[in-house]
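Input: a single structure, listed below in C-alpha coordinates.
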Amino acid sequence: MTKASVSPTCYLFTFEADPEFPTPRSGQFVNVAVSDDLTLRRPFSIAGIPAPGRFDLLVEMRGKGTRALAEKPIGSAVGVMGPLGNEFTLPEPGDVSLLVAGGIGTAGLRLLAQELRLGGHRIRTLVGARTSEGLLHHVLPSQAGDEEPSLEVATDDGSEGFHGTVTGLLKRALGEPDAPARVYCCGPPAMIAAVAGIAAKAGVPCEALLEEMMACGVGACRGCVVATRSGYKAVCSDGPVFDTSELVLEELVRA
Amino acid sequence: MPDLTTRIGNLTMRSPVMLASGTVGYGPEYEGIIDFGVTGAIVTKTITLKLREGNAPPRLVETHGGLLNAIGLENVGLERFLAEKLREAARLGVPVVASVAGTSPEEFGQLAAAVGERDEVAAIELNISCPNVERPRNPVWSDPAAVTEIVSAARAATSKTLSLKLSPNTSDILSVAEAAERAGADALTVANTLPGMRIDIKRRRPALGNTTGGLSGAALMPVNLALVWKVAGHVSIPVIGSGGLADTGDALEFLAAGAAAVQVGTALFANPAAPAEIVKGLETYMEENNLASMDELIGMAREERRICTETT
(Lines give C-alpha, C1' and ligand atoms only; values in the text may rest on other atoms or scores of the structure.)
Protein backbone atom coordinates (compact mmCIF):
# COMPACT_ATOMS: atom_id res chain seq x y z
CA MET A 1 0.00 0.00 0.00
CA THR A 2 1.19 3.51 -0.83
CA LYS A 3 -0.55 6.82 -0.22
CA ALA A 4 -0.51 10.37 -1.51
CA SER A 5 -2.22 13.41 -0.01
CA VAL A 6 -4.61 14.93 -2.56
CA SER A 7 -6.40 17.50 -0.40
CA PRO A 8 -6.21 18.73 3.21
CA THR A 9 -8.49 15.83 4.28
CA CYS A 10 -8.11 13.18 1.56
CA TYR A 11 -5.58 10.56 0.59
CA LEU A 12 -5.26 8.50 -2.57
CA PHE A 13 -4.11 5.00 -1.60
CA THR A 14 -2.74 2.54 -4.12
CA PHE A 15 -2.84 -1.16 -3.25
CA GLU A 16 -0.90 -3.97 -4.85
CA ALA A 17 -3.46 -6.80 -4.99
CA ASP A 18 -2.84 -10.51 -4.51
CA PRO A 19 -2.70 -12.40 -7.84
CA GLU A 20 -6.10 -14.03 -7.21
CA PHE A 21 -7.82 -10.66 -6.70
CA PRO A 22 -10.23 -10.19 -9.63
CA THR A 23 -10.04 -7.03 -11.73
CA PRO A 24 -12.59 -4.62 -10.22
CA ARG A 25 -15.30 -2.98 -12.34
CA SER A 26 -16.51 0.58 -11.88
CA GLY A 27 -19.02 0.81 -9.06
CA GLN A 28 -17.53 -2.02 -7.03
CA PHE A 29 -16.01 -1.63 -3.58
CA VAL A 30 -13.75 -3.38 -1.11
CA ASN A 31 -14.34 -4.01 2.61
CA VAL A 32 -11.11 -3.15 4.36
CA ALA A 33 -9.83 -4.34 7.75
CA VAL A 34 -8.51 -0.94 8.79
CA SER A 35 -7.79 -1.74 12.44
CA ASP A 36 -7.79 -4.66 14.86
CA ASP A 37 -9.39 -2.34 17.42
CA LEU A 38 -12.56 -1.80 15.38
CA THR A 39 -15.45 -4.25 15.23
CA LEU A 40 -16.19 -3.60 11.57
CA ARG A 41 -14.27 -3.28 8.36
CA ARG A 42 -14.74 -0.11 6.33
CA PRO A 43 -16.15 -0.17 2.78
CA PHE A 44 -14.49 2.02 0.13
CA SER A 45 -15.26 2.41 -3.57
CA ILE A 46 -12.53 1.26 -5.88
CA ALA A 47 -11.37 4.59 -7.23
CA GLY A 48 -9.12 3.57 -10.06
CA ILE A 49 -6.85 0.94 -11.60
CA PRO A 50 -3.47 2.62 -12.12
CA ALA A 51 -1.90 -0.57 -13.50
CA PRO A 52 -2.92 -4.23 -13.83
CA GLY A 53 -2.95 -5.87 -10.39
CA ARG A 54 -3.32 -2.57 -8.57
CA PHE A 55 -6.23 -0.47 -7.41
CA ASP A 56 -6.75 2.95 -5.85
CA LEU A 57 -8.92 4.07 -2.95
CA LEU A 58 -9.74 7.73 -2.47
CA VAL A 59 -10.47 8.28 1.21
CA GLU A 60 -11.54 11.28 3.24
CA MET A 61 -10.36 11.35 6.87
CA ARG A 62 -13.69 11.38 8.65
CA GLY A 63 -13.57 9.07 11.67
CA LYS A 64 -11.64 6.38 13.48
CA GLY A 65 -11.65 3.92 10.58
CA THR A 66 -10.42 6.27 7.91
CA ARG A 67 -7.78 7.69 10.24
CA ALA A 68 -6.57 4.19 11.14
CA LEU A 69 -6.10 3.49 7.44
CA ALA A 70 -4.24 6.76 6.89
CA GLU A 71 -1.94 6.06 9.82
CA LYS A 72 -0.74 2.76 8.40
CA PRO A 73 2.87 2.97 7.24
CA ILE A 74 3.50 2.82 3.52
CA GLY A 75 4.13 -0.77 2.50
CA SER A 76 1.70 -2.22 5.08
CA ALA A 77 -0.23 -5.36 4.23
CA VAL A 78 -3.94 -4.67 4.60
CA GLY A 79 -6.79 -7.20 4.71
CA VAL A 80 -9.12 -6.45 1.82
CA MET A 81 -12.35 -8.29 0.90
CA GLY A 82 -13.57 -7.84 -2.63
CA PRO A 83 -14.20 -6.64 -5.19
CA LEU A 84 -17.79 -6.56 -3.92
CA GLY A 85 -21.10 -5.27 -5.20
CA ASN A 86 -22.56 -4.56 -8.63
CA GLU A 87 -21.37 -2.34 -11.47
CA PHE A 88 -22.44 0.76 -13.35
CA THR A 89 -24.36 0.21 -16.59
CA LEU A 90 -22.06 1.47 -19.32
CA PRO A 91 -23.45 3.85 -21.98
CA GLU A 92 -24.17 3.08 -25.63
CA PRO A 93 -21.31 3.97 -27.99
CA GLY A 94 -21.57 7.59 -29.07
CA ASP A 95 -23.67 8.68 -26.12
CA VAL A 96 -22.46 11.47 -23.90
CA SER A 97 -22.28 10.55 -20.20
CA LEU A 98 -22.53 13.09 -17.43
CA LEU A 99 -20.70 12.35 -14.19
CA VAL A 100 -21.85 14.31 -11.14
CA ALA A 101 -19.74 14.10 -7.98
CA GLY A 102 -20.11 15.85 -4.65
CA GLY A 103 -17.18 15.98 -2.22
CA ILE A 104 -15.66 12.57 -1.54
CA GLY A 105 -18.28 11.16 -3.93
CA THR A 106 -15.61 11.77 -6.57
CA ALA A 107 -14.11 8.48 -5.31
CA GLY A 108 -17.14 6.53 -6.54
CA LEU A 109 -16.88 7.89 -10.09
CA ARG A 110 -13.13 7.95 -10.69
CA LEU A 111 -12.86 4.37 -11.97
CA LEU A 112 -15.95 4.91 -14.13
CA ALA A 113 -14.31 8.00 -15.65
CA GLN A 114 -11.20 5.95 -16.39
CA GLU A 115 -13.21 3.11 -17.94
CA LEU A 116 -15.30 5.46 -20.07
CA ARG A 117 -12.24 7.29 -21.36
CA LEU A 118 -10.47 4.03 -22.18
CA GLY A 119 -13.60 2.86 -24.00
CA GLY A 120 -13.64 6.02 -26.10
CA HIS A 121 -16.89 7.31 -24.59
CA ARG A 122 -17.53 11.04 -24.42
CA ILE A 123 -17.94 12.29 -20.87
CA ARG A 124 -18.72 15.53 -19.14
CA THR A 125 -17.98 15.94 -15.47
CA LEU A 126 -19.45 18.16 -12.78
CA VAL A 127 -17.67 18.22 -9.45
CA GLY A 128 -18.93 20.06 -6.40
CA ALA A 129 -17.79 20.65 -2.85
CA ARG A 130 -18.51 23.00 0.03
CA THR A 131 -15.26 24.91 -0.53
CA SER A 132 -12.41 24.86 -3.06
CA GLU A 133 -10.33 22.81 -0.59
CA GLY A 134 -12.85 19.95 -0.82
CA LEU A 135 -12.82 19.79 -4.63
CA LEU A 136 -11.28 16.58 -5.91
CA HIS A 137 -11.64 17.07 -9.70
CA HIS A 138 -7.85 17.16 -10.05
CA VAL A 139 -7.65 13.40 -9.30
CA LEU A 140 -9.94 12.55 -12.22
CA PRO A 141 -8.39 11.33 -15.46
CA SER A 142 -6.76 14.13 -17.42
CA GLN A 143 -9.01 16.33 -19.50
CA ALA A 144 -6.23 17.13 -21.99
CA GLY A 145 -7.03 16.69 -25.67
CA ASP A 146 -10.75 17.28 -25.25
CA GLU A 147 -12.38 19.38 -27.94
CA GLU A 148 -14.89 20.93 -25.56
CA PRO A 149 -14.62 22.01 -21.96
CA SER A 150 -15.81 18.84 -20.27
CA LEU A 151 -15.20 19.61 -16.61
CA GLU A 152 -16.99 22.17 -14.49
CA VAL A 153 -16.71 22.72 -10.77
CA ALA A 154 -19.04 24.28 -8.23
CA THR A 155 -18.50 25.35 -4.63
CA ASP A 156 -21.17 26.21 -2.08
CA ASP A 157 -19.15 29.25 -0.94
CA GLY A 158 -18.15 30.36 -4.43
CA SER A 159 -14.43 30.04 -3.66
CA GLU A 160 -13.91 28.24 -6.98
CA GLY A 161 -16.00 27.76 -10.13
CA PHE A 162 -19.78 28.09 -10.09
CA HIS A 163 -21.15 29.65 -6.89
CA GLY A 164 -23.72 27.09 -5.76
CA THR A 165 -24.35 23.37 -5.85
CA VAL A 166 -23.51 20.96 -8.69
CA THR A 167 -27.22 20.55 -9.28
CA GLY A 168 -27.25 24.12 -10.61
CA LEU A 169 -24.66 23.08 -13.18
CA LEU A 170 -26.60 19.92 -13.89
CA LYS A 171 -29.81 21.79 -14.82
CA ARG A 172 -27.82 23.85 -17.29
CA ALA A 173 -26.00 20.84 -18.76
CA LEU A 174 -29.20 18.90 -19.34
CA GLY A 175 -30.77 21.86 -21.12
CA GLU A 176 -27.94 22.31 -23.62
CA PRO A 177 -27.79 20.84 -27.13
CA ASP A 178 -25.85 17.55 -27.32
CA ALA A 179 -27.26 16.81 -23.87
CA PRO A 180 -26.00 13.77 -21.99
CA ALA A 181 -27.84 10.48 -22.53
CA ARG A 182 -26.90 9.17 -19.09
CA VAL A 183 -26.17 10.59 -15.67
CA TYR A 184 -23.97 8.91 -13.05
CA CYS A 185 -23.75 10.40 -9.59
CA CYS A 186 -22.10 9.89 -6.21
CA GLY A 187 -22.10 12.19 -3.22
CA PRO A 188 -24.13 13.17 -0.16
CA PRO A 189 -27.71 11.77 -0.08
CA ALA A 190 -29.25 15.24 -0.53
CA MET A 191 -27.21 15.75 -3.69
CA ILE A 192 -28.14 12.32 -5.04
CA ALA A 193 -31.82 12.98 -4.39
CA ALA A 194 -31.60 16.34 -6.16
CA VAL A 195 -29.67 14.92 -9.13
CA ALA A 196 -32.14 12.05 -9.43
CA GLY A 197 -35.07 14.46 -9.44
CA ILE A 198 -33.54 16.67 -12.15
CA ALA A 199 -32.57 13.67 -14.31
CA ALA A 200 -36.05 12.21 -13.97
CA LYS A 201 -37.65 15.49 -15.04
CA ALA A 202 -35.35 15.61 -18.08
CA GLY A 203 -36.10 11.96 -18.88
CA VAL A 204 -32.44 10.97 -18.65
CA PRO A 205 -31.52 7.61 -17.06
CA CYS A 206 -29.52 8.09 -13.91
CA GLU A 207 -27.50 5.76 -11.71
CA ALA A 208 -26.25 6.58 -8.22
CA LEU A 209 -23.52 4.92 -6.22
CA LEU A 210 -24.69 4.86 -2.58
CA GLU A 211 -22.73 4.83 0.63
CA GLU A 212 -23.97 3.16 3.82
CA MET A 213 -22.64 1.76 7.06
CA MET A 214 -21.86 -1.92 6.42
CA ALA A 215 -20.95 -5.01 8.40
CA CYS A 216 -20.62 -8.16 6.27
CA GLY A 217 -20.36 -6.55 2.82
CA VAL A 218 -21.87 -9.61 1.13
CA GLY A 219 -25.63 -9.35 1.75
CA ALA A 220 -25.75 -11.63 4.79
CA CYS A 221 -26.43 -9.29 7.70
CA ARG A 222 -28.98 -6.95 6.05
CA GLY A 223 -27.45 -4.00 7.88
CA CYS A 224 -26.91 -1.57 4.98
CA VAL A 225 -30.35 -1.35 3.42
CA VAL A 226 -31.83 1.46 1.34
CA ALA A 227 -35.54 1.96 0.64
CA THR A 228 -36.47 1.14 -2.97
CA ARG A 229 -39.78 0.86 -4.80
CA SER A 230 -39.52 -2.91 -4.37
CA GLY A 231 -38.68 -2.84 -0.65
CA TYR A 232 -35.42 -2.57 1.23
CA LYS A 233 -32.33 -3.57 -0.75
CA ALA A 234 -28.83 -4.19 0.57
CA VAL A 235 -26.41 -1.50 -0.60
CA CYS A 236 -23.54 -4.02 -0.42
CA SER A 237 -24.98 -6.83 -2.53
CA ASP A 238 -27.95 -5.38 -4.48
CA GLY A 239 -25.90 -2.18 -5.01
CA PRO A 240 -23.95 -0.07 -4.39
CA VAL A 241 -25.12 1.16 -7.82
CA PHE A 242 -28.86 1.81 -8.12
CA ASP A 243 -31.02 3.20 -10.90
CA THR A 244 -32.31 6.32 -9.17
CA SER A 245 -35.83 5.74 -10.50
CA GLU A 246 -35.87 2.67 -8.21
CA LEU A 247 -35.00 4.63 -5.05
CA VAL A 248 -37.49 6.12 -2.62
CA LEU A 249 -35.81 9.53 -2.66
CA GLU A 250 -37.72 10.94 0.32
CA GLU A 251 -36.22 8.20 2.48
CA LEU A 252 -32.72 8.61 1.11
CA VAL A 253 -32.13 11.87 2.95
CA ARG A 254 -32.13 11.38 6.70
CA ALA A 255 -33.99 13.85 8.87
CA MET B 1 -5.14 -35.87 16.39
CA PRO B 2 -7.73 -34.61 18.90
CA ASP B 3 -11.37 -35.29 18.07
CA LEU B 4 -13.48 -32.15 17.88
CA THR B 5 -16.69 -34.00 17.12
CA THR B 6 -19.50 -32.31 19.00
CA ARG B 7 -22.97 -33.67 19.72
CA ILE B 8 -25.94 -31.53 20.68
CA GLY B 9 -29.02 -33.76 20.90
CA ASN B 10 -29.17 -35.51 17.53
CA LEU B 11 -27.01 -32.89 15.87
CA THR B 12 -23.51 -34.18 15.20
CA MET B 13 -20.92 -31.62 14.16
CA ARG B 14 -17.30 -31.99 13.07
CA SER B 15 -16.30 -29.13 15.36
CA PRO B 16 -17.90 -27.11 18.17
CA VAL B 17 -17.62 -23.90 16.13
CA MET B 18 -21.02 -22.83 14.80
CA LEU B 19 -21.95 -19.64 12.95
CA ALA B 20 -24.48 -17.47 14.78
CA SER B 21 -27.90 -16.57 13.43
CA GLY B 22 -28.21 -13.21 11.74
CA THR B 23 -24.58 -12.91 10.78
CA VAL B 24 -24.28 -15.42 7.92
CA GLY B 25 -27.58 -14.84 6.15
CA TYR B 26 -28.73 -18.20 4.79
CA GLY B 27 -25.13 -19.33 4.19
CA PRO B 28 -24.43 -18.97 0.45
CA GLU B 29 -23.74 -15.24 0.87
CA TYR B 30 -20.42 -16.28 2.42
CA GLU B 31 -19.59 -19.08 -0.02
CA GLY B 32 -15.91 -18.99 -0.93
CA ILE B 33 -15.19 -16.63 1.97
CA ILE B 34 -15.88 -18.72 5.09
CA ASP B 35 -14.38 -22.22 5.26
CA PHE B 36 -17.57 -24.21 5.82
CA GLY B 37 -15.52 -27.43 5.70
CA VAL B 38 -14.39 -27.07 9.31
CA THR B 39 -17.49 -25.32 10.63
CA GLY B 40 -19.78 -27.28 12.97
CA ALA B 41 -23.03 -25.82 11.68
CA ILE B 42 -24.54 -22.65 10.34
CA VAL B 43 -27.53 -21.11 12.06
CA THR B 44 -29.67 -19.34 9.47
CA LYS B 45 -31.16 -15.89 9.59
CA THR B 46 -34.27 -16.15 11.74
CA ILE B 47 -37.31 -17.21 9.71
CA THR B 48 -40.83 -15.95 10.44
CA LEU B 49 -44.12 -17.23 9.00
CA LYS B 50 -44.50 -14.24 6.73
CA LEU B 51 -41.75 -12.29 5.00
CA ARG B 52 -40.46 -9.37 7.09
CA GLU B 53 -39.07 -6.18 5.56
CA GLY B 54 -37.13 -5.32 8.71
CA ASN B 55 -36.57 -1.97 10.40
CA ALA B 56 -36.02 1.42 8.79
CA PRO B 57 -32.34 2.27 8.34
CA PRO B 58 -29.85 3.06 9.77
CA ARG B 59 -29.64 -0.47 11.11
CA LEU B 60 -26.03 -0.54 12.28
CA VAL B 61 -23.81 1.57 14.45
CA GLU B 62 -20.41 0.66 15.77
CA THR B 63 -19.64 1.07 19.47
CA HIS B 64 -16.47 0.78 21.53
CA GLY B 65 -15.59 -2.87 21.20
CA GLY B 66 -18.92 -3.79 19.71
CA LEU B 67 -21.74 -3.29 17.29
CA LEU B 68 -25.37 -2.27 17.70
CA ASN B 69 -27.78 -3.71 15.18
CA ALA B 70 -31.49 -3.24 14.67
CA ILE B 71 -32.19 -5.30 11.57
CA GLY B 72 -35.68 -6.22 12.76
CA LEU B 73 -35.69 -9.86 11.66
CA GLU B 74 -35.71 -9.06 7.94
CA ASN B 75 -36.19 -12.43 6.23
CA VAL B 76 -37.75 -14.04 3.19
CA GLY B 77 -40.52 -15.77 5.16
CA LEU B 78 -41.15 -19.49 5.68
CA GLU B 79 -42.43 -20.30 2.19
CA ARG B 80 -39.44 -18.92 0.27
CA PHE B 81 -37.05 -20.29 2.88
CA LEU B 82 -38.38 -23.80 2.31
CA ALA B 83 -38.56 -23.42 -1.47
CA GLU B 84 -35.19 -21.76 -2.10
CA LYS B 85 -32.90 -20.74 0.71
CA LEU B 86 -32.82 -24.05 2.54
CA ARG B 87 -31.75 -25.99 -0.56
CA GLU B 88 -29.02 -23.47 -1.29
CA ALA B 89 -27.77 -23.66 2.30
CA ALA B 90 -27.75 -27.46 2.28
CA ARG B 91 -25.43 -27.46 -0.74
CA LEU B 92 -22.67 -25.91 1.39
CA GLY B 93 -21.98 -29.29 2.98
CA VAL B 94 -22.37 -28.13 6.56
CA PRO B 95 -25.26 -28.93 8.94
CA VAL B 96 -27.98 -26.28 8.77
CA VAL B 97 -29.71 -25.15 11.94
CA ALA B 98 -32.91 -23.29 11.10
CA SER B 99 -33.57 -20.32 13.37
CA VAL B 100 -37.26 -19.50 13.71
CA ALA B 101 -39.34 -16.89 15.53
CA GLY B 102 -43.09 -16.83 16.02
CA THR B 103 -45.38 -14.32 17.68
CA SER B 104 -47.21 -17.03 19.65
CA PRO B 105 -46.62 -20.62 20.82
CA GLU B 106 -48.85 -21.79 17.94
CA GLU B 107 -46.65 -20.00 15.43
CA PHE B 108 -43.51 -21.49 16.96
CA GLY B 109 -45.17 -24.89 16.63
CA GLN B 110 -46.11 -24.25 13.02
CA LEU B 111 -42.59 -23.08 12.14
CA ALA B 112 -40.91 -25.97 13.95
CA ALA B 113 -43.17 -28.47 12.17
CA ALA B 114 -42.52 -26.94 8.75
CA VAL B 115 -38.73 -26.72 8.98
CA GLY B 116 -38.47 -29.89 11.12
CA GLU B 117 -39.87 -32.15 8.44
CA ARG B 118 -37.16 -31.15 5.99
CA ASP B 119 -34.11 -33.41 5.74
CA GLU B 120 -31.85 -30.41 5.11
CA VAL B 121 -32.59 -29.11 8.62
CA ALA B 122 -30.23 -30.67 11.15
CA ALA B 123 -31.65 -28.82 14.15
CA ILE B 124 -33.85 -25.88 15.08
CA GLU B 125 -33.03 -22.79 17.12
CA LEU B 126 -36.02 -21.05 18.67
CA ASN B 127 -35.32 -17.32 18.70
CA ILE B 128 -37.35 -15.79 21.53
CA SER B 129 -34.81 -13.12 22.30
CA CYS B 130 -34.50 -10.66 19.41
CA PRO B 131 -34.45 -7.25 21.11
CA ASN B 132 -35.52 -5.41 17.96
CA VAL B 133 -39.13 -6.44 17.56
CA GLU B 134 -42.30 -5.49 19.41
CA ARG B 135 -43.57 -6.55 22.86
CA PRO B 136 -41.96 -3.94 25.07
CA ARG B 137 -43.24 -5.13 28.46
CA ASN B 138 -42.99 -8.53 30.01
CA PRO B 139 -40.89 -9.91 27.17
CA VAL B 140 -41.18 -13.61 26.39
CA TRP B 141 -37.51 -14.19 27.19
CA SER B 142 -38.06 -13.23 30.85
CA ASP B 143 -41.26 -15.20 31.27
CA PRO B 144 -40.84 -18.88 32.23
CA ALA B 145 -44.56 -19.60 31.63
CA ALA B 146 -44.39 -18.20 28.08
CA VAL B 147 -41.18 -20.12 27.44
CA THR B 148 -42.84 -23.34 28.63
CA GLU B 149 -45.67 -22.83 26.14
CA ILE B 150 -43.35 -22.01 23.24
CA VAL B 151 -40.97 -24.91 23.81
CA SER B 152 -43.85 -27.33 24.43
CA ALA B 153 -45.51 -26.29 21.16
CA ALA B 154 -42.29 -26.72 19.20
CA ARG B 155 -41.52 -30.00 20.97
CA ALA B 156 -44.93 -31.41 20.04
CA ALA B 157 -44.36 -30.37 16.42
CA THR B 158 -41.00 -31.97 15.72
CA SER B 159 -38.54 -34.59 16.92
CA LYS B 160 -35.59 -32.57 15.58
CA THR B 161 -33.06 -31.21 18.05
CA LEU B 162 -34.35 -27.96 19.58
CA SER B 163 -32.21 -25.22 21.09
CA LEU B 164 -33.80 -22.20 22.71
CA LYS B 165 -31.88 -18.94 22.29
CA LEU B 166 -32.04 -17.03 25.58
CA SER B 167 -31.65 -13.32 26.18
CA PRO B 168 -28.97 -11.82 28.42
CA ASN B 169 -31.47 -9.08 29.25
CA THR B 170 -33.23 -10.75 32.15
CA SER B 171 -32.80 -10.84 35.90
CA ASP B 172 -33.62 -14.51 36.28
CA ILE B 173 -32.19 -16.49 33.41
CA LEU B 174 -32.15 -19.71 35.45
CA SER B 175 -35.94 -19.88 35.75
CA VAL B 176 -36.22 -19.48 31.99
CA ALA B 177 -33.54 -22.11 31.38
CA GLU B 178 -35.26 -24.51 33.77
CA ALA B 179 -38.63 -23.99 32.10
CA ALA B 180 -37.11 -24.69 28.68
CA GLU B 181 -35.42 -27.86 29.87
CA ARG B 182 -38.60 -29.15 31.51
CA ALA B 183 -40.63 -28.40 28.38
CA GLY B 184 -38.33 -30.55 26.29
CA ALA B 185 -35.62 -28.31 24.84
CA ASP B 186 -32.52 -30.31 23.85
CA ALA B 187 -30.13 -27.38 24.29
CA LEU B 188 -29.91 -23.70 25.18
CA THR B 189 -28.11 -21.05 23.16
CA VAL B 190 -26.71 -18.53 25.65
CA ALA B 191 -27.24 -15.85 24.62
CA ASN B 192 -28.56 -13.18 22.26
CA THR B 193 -27.58 -9.47 22.21
CA LEU B 194 -28.15 -6.83 24.91
CA PRO B 195 -30.25 -3.75 24.16
CA GLY B 196 -28.40 -0.48 23.74
CA MET B 197 -28.39 2.78 21.81
CA ARG B 198 -26.26 5.59 20.49
CA ILE B 199 -27.21 9.10 19.47
CA ASP B 200 -26.05 10.83 16.31
CA ILE B 201 -25.25 14.27 17.69
CA LYS B 202 -24.94 15.82 14.21
CA ARG B 203 -28.55 14.93 13.40
CA ARG B 204 -29.73 15.11 17.04
CA ARG B 205 -31.46 11.79 16.58
CA PRO B 206 -30.96 8.21 17.76
CA ALA B 207 -28.26 6.70 15.54
CA LEU B 208 -30.46 3.71 14.72
CA GLY B 209 -33.73 3.91 12.80
CA ASN B 210 -35.26 1.67 15.48
CA THR B 211 -33.88 3.94 18.28
CA THR B 212 -32.38 0.96 20.15
CA GLY B 213 -30.56 -2.11 18.95
CA GLY B 214 -28.79 -5.24 20.12
CA LEU B 215 -25.21 -5.01 21.33
CA SER B 216 -22.87 -7.71 20.05
CA GLY B 217 -19.13 -8.09 19.73
CA ALA B 218 -16.24 -8.09 22.19
CA ALA B 219 -18.07 -5.84 24.68
CA LEU B 220 -20.76 -8.49 25.13
CA MET B 221 -18.40 -11.43 25.60
CA PRO B 222 -17.88 -11.35 29.40
CA VAL B 223 -21.60 -10.76 29.99
CA ASN B 224 -22.67 -13.84 28.06
CA LEU B 225 -19.75 -15.86 29.39
CA ALA B 226 -21.05 -15.28 32.92
CA LEU B 227 -24.51 -16.43 31.81
CA VAL B 228 -23.08 -19.59 30.22
CA TRP B 229 -21.28 -20.29 33.50
CA LYS B 230 -24.52 -19.82 35.43
CA VAL B 231 -26.82 -21.77 33.11
CA ALA B 232 -24.41 -24.64 32.44
CA GLY B 233 -24.14 -25.18 36.19
CA HIS B 234 -27.90 -25.36 36.53
CA VAL B 235 -29.33 -27.45 33.71
CA SER B 236 -28.34 -30.86 32.41
CA ILE B 237 -28.96 -30.16 28.71
CA PRO B 238 -26.04 -28.78 26.64
CA VAL B 239 -25.39 -25.06 26.47
CA ILE B 240 -24.18 -23.39 23.28
CA GLY B 241 -22.11 -20.31 24.12
CA SER B 242 -22.57 -17.18 22.04
CA GLY B 243 -21.68 -13.53 22.43
CA GLY B 244 -18.70 -11.61 21.11
CA LEU B 245 -16.26 -14.47 20.84
CA ALA B 246 -13.61 -13.70 18.25
CA ASP B 247 -10.68 -16.06 18.66
CA THR B 248 -9.46 -19.35 20.11
CA GLY B 249 -8.91 -17.83 23.55
CA ASP B 250 -12.51 -16.61 23.73
CA ALA B 251 -13.84 -19.95 22.49
CA LEU B 252 -11.78 -21.82 25.10
CA GLU B 253 -13.24 -19.61 27.83
CA PHE B 254 -16.81 -20.42 26.78
CA LEU B 255 -16.02 -24.14 26.58
CA ALA B 256 -14.18 -24.07 29.91
CA ALA B 257 -17.23 -22.37 31.46
CA GLY B 258 -19.33 -25.32 30.41
CA ALA B 259 -20.50 -24.63 26.86
CA ALA B 260 -20.66 -27.74 24.67
CA ALA B 261 -20.30 -25.65 21.51
CA VAL B 262 -19.83 -22.01 20.58
CA GLN B 263 -21.25 -19.65 17.99
CA VAL B 264 -19.17 -17.05 16.15
CA GLY B 265 -21.15 -14.06 14.93
CA THR B 266 -20.06 -10.44 14.83
CA ALA B 267 -16.39 -11.49 14.62
CA LEU B 268 -17.09 -12.79 11.09
CA PHE B 269 -17.53 -9.24 9.83
CA ALA B 270 -13.95 -8.23 10.58
CA ASN B 271 -12.49 -11.69 10.09
CA PRO B 272 -14.40 -14.31 8.07
CA ALA B 273 -11.48 -16.66 8.70
CA ALA B 274 -12.22 -16.65 12.46
CA PRO B 275 -14.14 -19.98 12.52
CA ALA B 276 -11.35 -21.85 10.74
CA GLU B 277 -8.73 -20.19 12.94
CA ILE B 278 -10.64 -21.17 16.08
CA VAL B 279 -10.99 -24.79 14.96
CA LYS B 280 -7.24 -24.93 14.28
CA GLY B 281 -6.54 -23.22 17.59
CA LEU B 282 -8.69 -25.67 19.54
CA GLU B 283 -6.90 -28.61 17.92
CA THR B 284 -3.54 -27.15 18.86
CA TYR B 285 -4.67 -26.49 22.43
CA MET B 286 -5.98 -30.02 22.83
CA GLU B 287 -2.81 -31.52 21.41
CA GLU B 288 -0.60 -29.45 23.67
CA ASN B 289 -2.68 -30.35 26.72
CA ASN B 290 -3.20 -34.01 25.90
CA LEU B 291 -6.95 -33.69 25.57
CA ALA B 292 -8.39 -36.31 23.24
CA SER B 293 -12.02 -35.26 22.96
CA MET B 294 -14.40 -32.39 23.59
CA ASP B 295 -15.64 -34.02 26.82
CA GLU B 296 -12.29 -33.29 28.40
CA LEU B 297 -12.49 -29.64 27.40
CA ILE B 298 -16.08 -28.79 28.26
CA GLY B 299 -16.43 -27.25 31.71
CA MET B 300 -12.75 -27.64 32.56
CA ALA B 301 -12.82 -24.44 34.64
CA ARG B 302 -15.75 -25.62 36.76
CA GLU B 303 -15.24 -26.61 40.37
CA GLU B 304 -17.24 -29.86 40.11
CA ARG B 305 -15.18 -30.76 37.07
CA ARG B 306 -11.86 -30.00 38.73
CA ILE B 307 -12.72 -32.17 41.75
CA CYS B 308 -13.65 -34.91 39.35
CA THR B 309 -10.29 -34.64 37.55
CA GLU B 310 -8.32 -34.61 40.79
CA THR B 311 -9.95 -37.75 42.14
CA THR B 312 -9.41 -39.81 39.00
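Letters A, B, ... mirror the listed sequences (proteins, then strands); counts begin at 1.
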Worked check of side-chain contact (heavy atoms from CB on, under 4.5 Å) between A:R222 and B:K45: CA-CA 10 Å; A:R222 316 309 298 173; B:K45 183 95 191 100; 4.1 Å; yes
Given B:R59 and A:E212, is the salt bridge (Lys or Arg N to Asp or Glu O under 4.0 Å) satisfied, shown in steps? CA-CA 10 Å; B:R59 292 177 172 184; A:E212 188 49 88; over 6 Å; no
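The backbone N or O of A:Y232 sits less than 3.5 Å from a side-chain atom of B:E53, completing a donor-acceptor pair.
Chain A forms the most heavy-atom pairs under 4.5 Å with one residue out of B:P57, B:P272, B:A218, B:G209, and that residue is B:P57. No other option in B:N271, B:L67, B:V61 has as many heavy-atom pairs under 4.5 Å with chain A as B:L67. The most heavy-atom pairs under 4.5 Å with chain B, out of A:V226, A:L38, A:V32, A:D37, come from A:L38.
With a 4.5 angstrom heavy-atom cutoff, B:A219 does not touch chain A via any of its atoms. Using a 4.5 Å cut-off between heavy atoms, A:M214 contacts chain B through its backbone alone, with no side-chain atom that close.
Annotation for A:E133: atom CD does not count as buried by contact number, only 12 or fewer foreign heavy atoms lying within 6.0 Å. Residue B:R118 places its CZ atom among more than 12 non-hydrogen atoms of other residues, nucleotides or ligands, all under 6.0 Å distant. No more than 12 heavy atoms of other residues, nucleotides or ligands shown are found within 6.0 angstrom of NZ on B:K280. When the shell of 6.0 Å around CZ of A:R229 is examined, it contains more than 12 heavy atoms from other residues, nucleotides or ligands. Within 6.0 Å of CD in A:E211 there are 12 or fewer heavy atoms belonging to other residues, nucleotides or ligands.
Once rounded to the nearest 0.5 Å, the distance linking SG of A:C221 with CG of B:L60 reads 5.5 Å.
Using non-hydrogen atoms only and a strict 4.5 Å limit, the part of residues 19-36 of chain B facing chain A consists of B:G22, B:T23, B:V24, B:G25, B:E29, B:Y30, B:I33.
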